[in-house]
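Every chain is numbered from 1 and lettered A, B, ... according to where its sequence line falls, protein lines coming before strand lines.
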Amino acid sequence: MTTISGPPTLLVTSTISTLEKCKTIHETRQIHAHMIKTNLVNHTFTVGKLIALCSLSGLSGGLDYALSVFSQIRNPNAFIFFALIKGFSESSNPLQSIILYAHMLSCFKELKGIEFSLPSVLKACGKSRSFEEGRQVHAQILKTHFRFDPFVSNSVIRMYEEIGEIEFARRVFDKMFDRDVISWNSMIKGYLRAGEIELACGLFNEAPERDVVTCNAMIDGYGKNGKCELAEEVFRMMSDKDVVSWTSMISAYVLDHRPRQALDLFREMLSLGVRPDAAALVSVLSAIGDLGFVEEGKWIHNYISANKITLNPGFIVSALIDMYSKCGHIENAYHVFRCVSHRKNIGDWNSFISALATHGLGQEALEIFLDMERKEIEPDEITFLGLLSACSHGGMVDEGQYYFKIMQEKYNIVPKIQHYGCLVDLYGRAGLLEDALGVIQTMPMEADVLAWKAILSASTKHGNVAIGENAAFKVMDLAPEDSSCYILLSNIYAKARRWDDVAKVRLMMKQRGVRKIPGCSSILVNGKVHEFLVRKEMDMRNDSEVLSKIEEMVSRLKLEGYEPDLTQVLLDIEEEGKGSSLCHHSEKMALAFGLINVRNGAPIHIVKNLRICCDCHSFIKLVSRVYNRRIVVRDQNRFHHFEDGSCSCKGYW
DNA sequence: CGTCGACTTA
């Protein structure tokens, strides 16, 4: 009798247990080398373990390594295929998972064993929006007994749901006789994703069973569909909230432009002893960025370090960069960016490029992109939005045109409406109004509000009444509730001294019930926020200290040649009144408060809800020189760093 | 062997 001897059992078990201990792909490679020496590479079981560990353990570079090992073996079994298919379905390259699945089908004579991979390949189809492939897998399932497996049916529902083919999902759902809570949840999620609130709500009420996931899906879906109050309702009614419930509600507040409530809710969550995870921190960081509360942001940053929350993979890094940038602390954003030098994901690069762009550091943004190219990191459409905005905020028309070109020719990215919007803005800010209009006329889709607003603000800036009027009327059509276009149109007329038309705009606003958003600026001093609202002369309350400081500033600046820019006043009031209403713009009040209360030498940080006006802009420029202060102002669009009489925006805002 | 939920960048 002959026995075919396999490798010694002890060698196999010790190799596998060593493999399981590997922390980096480098260590795994050494064991692989050892396996080659001892001929274990021909032992399917051990190689399978190697591939599975590489694909499924999340080691960086593991998947690619697993694929290369796989390509060198002769008879891969279903277990090996499963490991790779699952690994790739969760990666950023889900198509590879579909390719492997097809490969597996061609290798095997019978279907035995392939069913392990069905949930993963379906997930890959969903993730990569591969409708045709998804349908084929579905068809194959219908022809076999697999359709009686609830895991598989739920995966099919989930696949259609993610692709957005909600009717297909519904058909599968209706035919299932063993629907469980997961089937219901996926279906509800699908309707919410499609914006079908009523249908989602119907299923929510009908569902025989709800769990915490069901409610969380409703909170999230309501929030994303602009129904924050409904989200609140579900949230308040829940008795067992988990960290996802809190996170979803925090995000709903952020989306509803209520960052204060988001932050308060986060604090409530902490006080109840719920431990925030990475996603919760990302959400609250975005609220903090909106508020500009850098101290809170630093606290979260510390929390992340102290609790060893993993930065990668995930959104933490880009959320931190974004938060620091929105708080005006671009140096801290840079610090975070640099600290993760080895494994940055595309979002981290994009956040930093956009951050530099909003701070007017266009040249620096372009340099970061050069670095990406050197490191062969594939940019995506958002990278180019950042670059285009860097160019338009920096007046770099030629560069902007260049990036718009290579985006398509070198990187095969089809420009979306936002890219065209940036291009319009690029020409507009530079005063090339005709070119800006040319983009609108030739772009392959209808121009949206943002594009017309870019034209409008460019016309205001460059004093073009005809183009500006036309753009303002387009914006009124497309976004009737937006008051900013009325203000800008009025400014255009005022600049042309057409006071009758200014009055007409004012009348139009009144008739249409459009309300001007009151200007509001806030400033942080010693960890406390002080808010200033634009205020009429009549109610000065107890801001007399601030008001007399403004008077002092005005007279000091007048000696330096400051002349109030009266075209920035909406109403046609008497010249005298105009001057003083300008003085009460919220950013001037916040600035006066800052000069009084922020210690000498420290920069003054101000956040304004609207765009800064021309008068305030030149006023603050002068203040930075006369009072020798660095002043950082965040307005609706970007940052202005004022220093020694000039501003980082160089007039492009 | 496996199915459902939250998060950044414009």
Side-chain angles (χ1 to χ4, degrees), chain A residues 52 56 78-79 81-83 85-86 89 113-123 126 146 149-159 161-162 176 179-190 192-193 210-221 223-224 241-252 254-255 276-287 289 313-323 325-326 333 344-355 357-358 379-390 416-419 421-422 425 450:
Chain A
L56 301 173
F79 174 69
F81 272 111
F82 164 72
I85 291 170
K86 178 161 167 32
S89 76
I114 71 152
E115 75 274 17
F116 294 170
S117 297
L118 286 170
S120 297
V121 75
L122 287 165
K123 173 172 259 176
F146 300 143
D149 182 336
F151 279 84
V152 170
S153 306
N154 283 341
S155 299
V156 174
I157 294 179
R158 146 88 204 194
M159 180 270 294
E161 180 268 306
E162 195 168 14
M176 269 177 90
R179 290 186 282 262
D180 59 10
V181 66
I182 292 178
S183 330
W184 285 86
N185 290 351
S186 300
M187 220 38 242
I188 290 173
K189 169 91 193 302
L192 289 166
R193 187 200 291 267
R210 292 177 196 165
D211 62 5
V212 64
V213 179
T214 326
C215 297
N216 293 348
M218 292 303 288
I219 296 173
D220 174 62
K224 289 195 171 124
K241 303 179 182 75
D242 65 5
V243 67
V244 179
S245 326
W246 291 90
T247 305
S248 305
M249 195 60 230
I250 290 170
S251 308
V254 171
L255 286 175
D277 61 4
L281 295 166
V282 166
S283 301
V284 76
L285 279 171
S286 116
F315 301 121
I316 288 274
V317 171
S318 74
L320 279 171
I321 291 174
D322 183 56
M323 178 278 295
S325 156
K326 285 191 176 139
K344 283 194 272 280
N345 60 41
I346 183 71
D348 303 339
W349 291 91
N350 290 350
S351 302
F352 192 51
I353 289 178
S354 306
T358 49
D380 65 8
E381 50 183 69
I382 294 166
T383 317
F384 284 99
L385 284 176
L387 290 171
L388 289 170
S389 118
K416 293 200 169 151
I417 191 149
Q418 294 98 319
H419 296 99
C422 282
D425 198 43
L450 290 176

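- Contacts of D380(A) with the nucleic acid, taken as non-hydrogen atoms under 4.0 Å apart, are absent.
- Between dT9(B) and S354(A), no contact under 4.0 Å exists linking OP1 or OP2 to a side-chain N or O.
- Within 4.0 Å of K344(A), counting heavy atoms only, lies no atom of the nucleic acid at all.
- One finds a side-chain N or O of R158(A) lying less than 4.0 angstrom from the OP1 or OP2 phosphate oxygen of dC4(B).
- Nucleic acid contact for V156(A): none, since no nucleic acid atom lies under 4.0 Å from a heavy atom of the residue.
- Closest approach of S318(A) to D348(A), counting heavy atoms only: N-OD1, 3.4 Å.
- Among the atoms of the strands shown, base atoms are found under 4.0 Å from some heavy atom of D149(A).
- In this structure, the CG atom of L285(A) is 14 Å from the P atom of dC7(B), given to the nearest Å.
- Distances shorter than 4.0 Å separate some side-chain N or O of K189(A) from OP1 or OP2 on dG5(B).
- In this structure, K189(A) and E161(A) approach most closely via the heavy-atom pair CG-OE2, 3.7 Å.
- Minimum interatomic distance between L122(A) and S155(A) (heavy atoms only, all atoms of both residues): CD1-CB, 3.6 Å.
- Across all strands shown, K224(A) has heavy atoms under 4.0 Å from sugar-phosphate atoms exclusively, and none from any base.
- Computed from coordinates, the D211(A) CG to dA6(B) C1' distance equals 14 Å when rounded to whole Å.
- Atom pair L255(A):CG and dA6(B):C1' shows a separation of 12 Å (rounding to whole Å applied).
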